[in-house]
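In what follows, a single structure is set out as structure tokens and then discussed.
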Amino acid sequence: VNGVMGTIDHKSDKISVTLPYGTNLTALVPQIDIPEGATVEPSSGKTINFTQAVKFRVKNGNIYKEYEVNVKAQNPIISFKINGLDATINHSNKSISLTVPDGTNLTALQPVIEMAPGVSITPASGSTINFTNSVQFTVSNANLTEIYTAKVSTPVSGPTIAFIGT
């Protein structure tokens, strides 16, 4: 699909394809290589919406096999770290969250951000950033621009209260 080879798992009858970040999955044209004399439905070269899994049936004579094809676009941010700590990235709601140790100065942190190929981010990886409030990061490539919101916090501190008895 789009020049990217899929990974075929013959045991589970599944094919997985990961396309570059920003690829529109609603109108893709897969190219399918099958043995001579075989047919495939939907046919190779037909425009298909891959936002959900698509079933393909390969038939050769009176023998057939069905495959479930899952196509996804790669996530733009692969990792986001501050002081060696991994942040949690939620790509669905475009959020990044990280709790750093108590006493960490949130006003001058330098995130190390690994991006998917061809993707840029602003502010850039390694920039000194004030995280006392949420920070918006602009993620983009030639096809798409999105905003991720990063929240870095320290643990809630205060008195420890214990209730003993009834």
Side-chain angles (χ1 to χ4, degrees), residues 1-100 110-127 129 131 134-153:
V1 179
N2 281 12
V4 176
M5 297 288 287
T7 303
I8 302 172
D9 182 338
H10 292 288
K11 289 183 180 180
S12 67
D13 300 332
K14 294 187 181 205
I15 301 172
S16 301
V17 182
T18 301
L19 298 176
Y21 166 71
T23 302
N24 181 349
L25 302 180
T26 62
L28 297 173
V29 182
Q31 298 301 316
I32 306 164
D33 293 329
I34 54 176
E36 188 174 327
T39 60
V40 62
E41 283 297 324
S43 60
S44 182
K46 179 180 177 185
T47 302
I48 298 173
N49 179 344
F50 280 102
T51 55
Q52 301 289 326
V54 177
K55 294 271 190 193
F56 281 80
R57 178 181 277 203
V58 178
K59 187 175 179 185
N60 197 346
N62 61 355
I63 300 172
Y64 71 89
K65 186 164 187 168
E66 289 188 347
Y67 291 92
E68 179 180 282
V69 179
N70 290 287
V71 178
K72 68 175 187 166
Q74 184 175 22
N75 290 322
I77 303 173
I78 296 170
S79 69
F80 188 104
K81 296 179 182 185
I82 294 177
N83 298 341
L85 300 171
D86 288 313
T88 300
I89 304 168
N90 183 322
H91 294 284
S92 298
N93 68 10
K94 312 289 182 262
S95 68
I96 302 165
S97 60
L98 177 63
T99 301
V100 294
Q110 296 178 315
V112 175
I113 310 164
E114 183 182 358
M115 305 302 295
V119 179
S120 63
I121 189 164
T122 306
S125 178
S127 298
I129 300 170
F131 282 98
S134 295
V135 176
Q136 291 191 331
F137 286 83
T138 302
V139 174
S140 61
N141 72 357
N143 300 321
L144 184 62
T145 297
E146 297 179 306
I147 305 292
Y148 277 68
T149 301
K151 175 145 180 62
V152 177
S153 59

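All values derive from a computational prediction rather than experimental measurement. These values consider heavy atoms only, across backbone and side chains, with no hydrogens, waters or symmetry-generated copies.
Side-chain contact between Asn141 and Pro76 is absent, with no heavy atoms from C-beta onward closer than 4.5 Å. At least one side-chain heavy atom of Gln74 sits less than 4.5 Å from a side-chain heavy atom of Pro117. By the 4.5 Å heavy-atom criterion applied to side chains, Phe131 and Ile82 are counted as neighbours. Counting heavy atoms from C-beta on, the side chains of Leu28 and Leu19 come closer than 4.5 Å. Residues Thr47 and Val29 are in side-chain contact: their nearest non-hydrogen atoms beyond the backbone lie under 4.5 Å apart. Residues Met115 and Val139 meet the side-chain proximity criterion, which asks for heavy atoms closer than 4.5 Å.
Few gaps surround CG on Asp9; more than 12 heavy atoms of other groups in view lie less than 6.0 Å from it. Counting heavy atoms of neighbouring residues, nucleotides and ligands inside a 6.0 Å radius, atom NZ of Lys65 exceeds 12 of them.
A distance below 6.0 Å separates the ring centres of Phe137 and Phe80.
Between Gln31 and Gly45, the closest heavy-atom pair is NE2-CA, 3.8 Å. When all heavy atoms of Tyr67 and His10 are compared, the closest pair comes out as OH-ND1, 3.2 Å. Closest non-hydrogen pair, Gly22 versus Asn143, comes out as O-CB, 3.6 Å. Taking all atoms of both residues into account, the shortest heavy-atom contact from Asn70 to Glu68 is ND2-OE2, 3.2 Å. When all heavy atoms of Gly6 and Val17 are compared, the closest pair comes out as CA-CG2, 3.6 Å. The two residues Ala73 and Leu25 have their closest heavy-atom pair at N-CD1, 4.1 Å.
Side-chain N or O atoms of Asn2 include none that pairs as donor or acceptor with a backbone N or O of Val4 at under 3.5 Å. Under a 3.5 Å cut-off, the side chain of Asn75 and the backbone N or O of His91 do not form any donor-acceptor pair. Between the side chain of Asn24 and the backbone N or O of Thr26 there is at least one donor-acceptor pair closer than 3.5 Å.
A side chain to side chain contact (heavy atoms under 4.5 Å, CB included) with Ile113 is found for one member of Ile89, Ile77, Ile78 and no other, namely Ile77.
For the atom pair Thr138 OG1 and Glu146 CD, the distance stands at 10.5 Å (nearest 0.5 Å).
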Would Val69 and Ile48 count as a side-chain contact (heavy atoms from CB on, under 4.5 Å) if you check the C-alpha gap in whole Å, the side-chain angles of each, and the deciding distance to 0.1 Å? CA-CA 11 Å; Val69 179; Ile48 298 173; over 6 Å; no
As a quick check of understanding, evaluate side-chain contact (heavy atoms from CB on, under 4.5 Å) for Phe50 and Thr23, giving each step before the final call. CA-CA 11 Å; Phe50 280 102; Thr23 302; over 6 Å; no
